[in-house]
S.K.: 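Pasting in a structure now, in structure tokens, and then I'll have a few things to ask.
In listed order, ligands and their atoms are each counted from 1. What you see is a predicted model, and the numbers here were worked out from it, not measured in a lab. FYI, side chains are in, hydrogens and waters are out, and symmetry mates aren't considered; it's all heavy atoms of this structure. Throughout, residue positions are numbered sequentially from 1 according to the sequence presented.
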Amino acid sequence: MSTLLLESPPAAERRGGVWDYISPSRLNLWLRCPLAFRLQYIDGLRTPTTPSLFLGKAVHDGLEIVYRHRQLCADLPAAEIAGRMLDGWDELVAKESMRFDSAAEEDALKQQALALVAAYMHHVADTLEIPLAVETTMEAPLIDPDTGENLGIPLTGIVDLVVDDRAGPLIIDFKTAAKSSPPFEITHEIQLSSYAYLFRQATGDEEGGLEIRSLVKTKTPKIEFHAYQARREQHFRRLFAVIRAYLDDLDRGSFVFRPGFACLMCDHRDSACREWSG
Ligand code: SF4
């Protein structure tokens with residue numbers, strides 16, 4: 001069992017240009033479509049916060065309240081967590097510049113966020129997890145594990161939760177999902193490897209494992225835990241291969257479009273993307 005306790009000041013979303021830092025979300029967007037990455041992170045085209053994205057943030061805030069209190073050995077009842085989420089709702093709406101189509105839409109989303117967090121609390125009610133870190137920003141230089149080369153740009157990420165576990169510290173990421181999904185590790189690989197890299201650099205300790213905890217937005221919310229083993233050398237090699245390819249694109253200023261299923265959810269589909277000509 002680890003007794004390590006990481007400092008967890010309120011996580012601030014890191015801001016900066018593409019040469020200031022790399023993050024798992026930047027890498028994932030670039031992998032999905034380099035053009036969409038360029039439009040967002042280089043051209044600065046902002047897209048409106050969707051209800052789904054907003055719900056995810058509200059749920060994250062609720063879970064943060066749960067675990068920050070657990071860190072202080074205080075288990076707040078579900079009603080109190082709900083009250084605190086409601087207290088912070090308007091602030092979150094303003095922070096995310098969220099616009100609802102109607103008061104009814106806002107209220108429905110509010111109730112959904114409360115229900116998901118309540119279902120999660122019910123699910124973990126009998127566990128005695130000791131949080132080591134909650135919503136913690138981690139940043140570390142990128143040192144290629146094979147060559148020892150410092151890539152000259154840091155990796156940054158916000159780790160949702162680290163708890164003490166029998167096998168060692170367990171790194172946890174929360175997701176809100178529209179439906180249950182099979183636990184395909186590769187769909188989360190960039191995030192899992194990035195968080196493990198950051199955790200090891202920050203603590204000098206190896207994680208015992210990693211977990212994706214999904215709060216599924218079904219009519220009756222479902223909670224699903226998917227566990228993954230500690231990262232191996234091969235995972236970090238693969239992560240660095242992706243990072244090097246990403247940096248090559250930045251160097252060349254080359255961001256090709258990648259038409260496919262991701263276009264279905266892309267806000268640039270009928271606007272900026274149409275103007276791209278290679
Ligand atoms: S519509 Fe598709 S190809 Fe165009 S930017 Fe979006 S994801 Fe990329």
S.K.: What atoms of ligand 1 come within less than 4.0 Å of a heavy atom belonging to C33?
M.R.: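 It comes down to these atoms of ligand 1: 3 (S), 5 (S), 7 (S), 8 (Fe).
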S.K.: Can you tell me the protein heavy atom closest to atom 1 (S) of ligand 1 and the distance?
M.R.: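 Its nearest protein heavy-atom neighbour is R269 CA, 3.6 Å.
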S.K.: May I ask you to decide if A119's main-chain N or O and H123's side chain share a donor-acceptor pair within less than 3.5 Å?
M.R.: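 No; zero donor-acceptor contacts below 3.5 Å.
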S.K.: Less than 4.5 Å apart, side chain to side chain, heavy atoms only: is that true for L39 and F257?
M.R.: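 Heavy-atom side-chain distance check fails, nothing below 4.5 Å.
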S.K.: Check each of A272, C273, A262, C266 against atom 6 (Fe) of ligand 1 and report the one with the nearest heavy atom.
M.R.: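 Residue with the shortest heavy-atom distance to the ligand atom: C266.
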S.K.: Can you list the ligand 1 atoms lying under 4.0 Å from a non-hydrogen atom of C263?
M.R.: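 With C263 as reference, the close atoms of ligand 1 come out as 1 (S), 2 (Fe), 3 (S), 7 (S).
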S.K.: Check each atom of ligand 1 against the heavy atoms of R258 and keep those under 4.0 Å away; list them by number with element.
M.R.: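 Numbered from 1, ligand 1 contributes 3 (S).
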S.K.: Could you confirm whether H268 has any N/O/S atom lying under 2.8 Å from atom 8 (Fe) of ligand 1?
M.R.: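 H268 does not place any N, O or S atom closer than 2.8 Å to atom 8 (Fe) of ligand 1.
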S.K.: Give the ring-plane orientation class for W89 versus F54, where under 30° counts as parallel, over 60° as perpendicular and anything between as tilted.
M.R.: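 Perpendicular, since the angle between the ring planes exceeds 60°.
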S.K.: Using the ring pair (Phe, Tyr, Trp, His ring centres under 6.0 Å) rule, pick out the option among F240, F255, Y41, W30 that qualifies with Y246.
M.R.: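 The ring pair (Phe, Tyr, Trp, His ring centres under 6.0 Å) with Y246 is passed solely by W30 among F240, F255, Y41, W30.
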S.K.: Would you indicate whether I186, at its atom CD1, is surrounded by more than 12 heavy atoms from other residues, nucleotides or ligands within a distance under 6.0 Å?
M.R.: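 No, CD1 of I186 has 12 or fewer neighbouring heavy atoms, counting only those of other groups under 6.0 Å.
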